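All ligand and atom numbering here is 1-based and tracks the order in the structure. Values in this document were obtained by computation on a predicted structure and should not be read as measured data.
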Amino acid sequence: MIFLMPYSDFDFNDKTILITGGAGFVGSNLAFYLQENFPQSHVVVFDCFRSKAIFANGNLQSFGHYKNLIGFKGDVICGNINNKADLALLNDYTFDYIFHQAAISDTRVYDQELVMKTNVNSFHDLLSLAKQNHAVMVYASSAATYGGLPSPQVVGKESPENPYGFSKYLMDQITYRFIDQNPEMSIVGLRYFNVYGSKEYYKAKTSSMVIQLGHQILDGNPPKLFEGSDQILRDFINIEDVIQANILACKPQQSGVYNVGTGNPRSFQDIADILQNGLEANLGTEYFPNPYEGYQMHTQADITKTEECLGFEPKVTLEEGIKTYIPEIRRLHGEPLS
Ligand SMILES: NC(=O)c1ccc[n+]([C@@H]2O[C@H](COP(=O)([O-])OP(=O)(O)OC[C@H]3O[C@@H](n4cnc5c(N)ncnc54)[C@H](O)[C@@H]3O)[C@@H](O)[C@H]2O)c1
């Protein structure tokens with residue numbers, strides 16, 4: 001892990017910080033970033049962790065994993081954001097910052113009631129908590145709010161195409177209203193594009209293609225890609241830059257919703273090629289027909305406002321990001337997912 005670099009001059013020492021979803025991919029990276037850089041900060045992780053419960057699509061209902069938190073020294077509360085009694089456990093603290101990452105993060109969950117309840121209703125509760133505590137709120141929105149809109153994706157023009165994208169879109173609308181009604185509050189929604197990097201392994205089939213293709217290659221198989229993958233481009237963003245955005249979002253020039261991508265889309269073929277290079281493999285590529293109708297062929301975050309209002313500057317190229325990730329991809333190859 002490299003995060004030993006404060007991305008700003010804010011001092012989180014002596015601050016009390018809540019990270020919902022802190023046993024997941026982004027949340028656990030944030031927890032360690034704060035712990036390493038601000039040893040006097042008081043970080044509280046709130047996460048329901050994984051159980052055996054699965055969605056209709058066969059994926060686990062929550063991906064939080066204790067292994068993401070080994071070495072974490074702060075408080076850990078096991079609780080569900082849908083459960084008021086669990087949320088009441090947070091009343092023992094007065095938070096200065098809330099990083100709200102907990103969500104059904106699986107974009108292919110079509111149980112609309114469950115997605116809206118988990119991702120949207122709980123947001124009202126957490127915003128109330130932020131208001132009551134005079135806390136800064138930074139939460140995870142998503143590029144899924146854009147659906148299949150052509151690139152570049154710009155905040156203000158959305159067209160979600162699944163319940164997940166719609167739930168994040170609703171969170172953003174709630175935010176705009178809340179900012180209007182509470183102009184003294186600092187609230188920032190971050191629309192992450194395709195995040196990859198350390199601590200995503202336990203998301204299993206919903207982890208990025210970087211680790212999934214890496215493990216196919218380590219199995220000795222050619223990476224499997226949709227036909228035409230050199231023409232399917234995504235704005236892949238390294239976890240370090242996502243952490244940078246979260247930290248900078250604590251002191252925005254203006255509350256609001258911001259894209260978090262590189263602005264520089266790359267193809268799935270690029271990922272496979274960079275991985276083979278890094279893993280010293282030469283297995284070629286296996287192509288198969290893309291089964292998804294209306295599949296998004298190109299994403300590219302417009303990050304002009306993110307640069308202007310947060311001071312965000314993506315630092316990690318896909319080549320660098322994959323290179324530093326390779327040892328972890330190797331280490332986790334074959335590791336049980338449960
Ligand atoms: N990783 C990406 O590429 C990406 C892209 C866009 C947006 N996001 C958003 O960023 C946030 C973090 O995503 P991630 O990749 O770390 O996913 P993740 O699934 O690893 O993390 C989400 C965490 O929330 C927890 N959680 C789920 N339901 C909960 C509930 N009801 N109560 C309490 N905790 C619950 C899970 O256990 C998990 O630890 C999510 O809000 C996600 O929607 C992620």
Criterion ring-ring contact (aromatic ring centres under 6.0 Å, His included) on F268 and F226, from CA distance to verdict: CA-CA 9 Å; F268 285 101; F226 293 153; 7.6 Å; no
Using a 4.0 Å cut-off to any heavy atom of [X], which atoms of ligand 1 qualify?
| X | value |
| --- | --- |
| G64 | 36 (C), 37 (O), 38 (C), 39 (O) |
| G21 | 23 (C), 24 (O), 39 (O) |
| S62 | 27 (C), 36 (C), 37 (O) |
| A102 | 24 (O), 34 (N), 35 (C) |

Check if [X] has a non-hydrogen atom at a distance under 4.0 Å from any atom of ligand 1.
| X | answer |
| --- | --- |
| G79 | yes |
| K168 | yes |
| A23 | yes |
| Y202 | no |
| F193 | yes |

Determine whether the side chain, the backbone, both or neither of [X] has a heavy atom under 4.0 Å from any heavy atom of ligand 1.
| X | value |
| --- | --- |
| S208 | neither |
| Q61 | neither |
| T118 | side chain |

Ring centroid separation Y201 to H215 under 6.0 Å: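 Centroid distance Y201-H215: below 6.0 Å, so yes.
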Mind checking whether F312 and Y7 have ring centres under 6.0 Å apart?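 For F312 and Y7, the ring centres are not under 6.0 Å apart.
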Evaluating non-hydrogen atoms only, which member of [options] is closest to [atom]?
| atom | options | answer |
| --- | --- | --- |
| atom 22 (C) of ligand 1 | K117, K199, Q101 | Q101 |
| atom 2 (C) of ligand 1 | V195, D86, I239 | V195 |
| atom 1 (N) of ligand 1 | R191, R234, K203 | K203 |
| atom 7 (C) of ligand 1 | S105, G165, A140, S141 | S141 |

Starting from [atom], which protein heavy atom do you reach first, and at what distance in Å?
| atom | result |
| --- | --- |
| atom 31 (N) of ligand 1 | N80 OD1, 2.8 Å |
| atom 28 (N) of ligand 1 | A103 O, 3.7 Å |
| atom 32 (N) of ligand 1 | I81 N, 2.9 Å |
| atom 42 (C) of ligand 1 | Y164 OH, 3.5 Å |
| atom 44 (C) of ligand 1 | Y192 CD1, 3.7 Å |
| atom 16 (O) of ligand 1 | V26 N, 2.8 Å |
| atom 35 (C) of ligand 1 | C48 SG, 3.4 Å |
| atom 37 (O) of ligand 1 | D47 OD1, 2.6 Å |

In terms of the angle between their ring planes, are F12 and F99 parallel, tilted or perpendicular, with boundaries placed at 30° and 60°?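 Rings of F12 and F99: tilted, as their planes differ by 30° to 60°.
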Output yes when a side-chain donor or acceptor of [X] lies under 3.5 Å from a complementary backbone atom of [Y], and no otherwise.
| X | Y | answer |
| --- | --- | --- |
| Q253 | L310 | no |
| R50 | Y202 | yes |
| S8 | F10 | yes |
| N68 | S28 | no |
| N259 | G261 | no |

Salt bridge flag under 4.0 Å for residues E113 and K117: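 Between K117 and E113 there is a salt bridge, with a charged N closer than 4.0 Å to a carboxylate O.
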Below 4.0 angstrom, N of the basic side chain to O of the carboxylate: do K84 and D125 qualify?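 Salt bridge flag = yes for D125 with K84.
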Lys/Arg cation over aromatic [Y]: [X], 6.0 Å, 45° cone:
| X | Y | answer |
| --- | --- | --- |
| R191 | Y146 | yes |
| R234 | Y295 | yes |
| R266 | F193 | no |

So for ligand 1, is F25 a polar contact partner (N or O within less than 3.5 Å, distance only)?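 Yes; the residue has a nitrogen or oxygen that sits under 3.5 Å from a nitrogen or oxygen of the ligand.
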Pairs of nitrogen or oxygen atoms closer than 3.5 Å, one from G24 and one from ligand 1: do any exist?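 G24 vs ligand 1: N/O contact under 3.5 Å present.
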Does Q181 have more than 12 heavy atoms from other residues, nucleotides or ligands lying within 6.0 Å of its CD?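 Buried by this count: over 12 neighbours within 6.0 Å.
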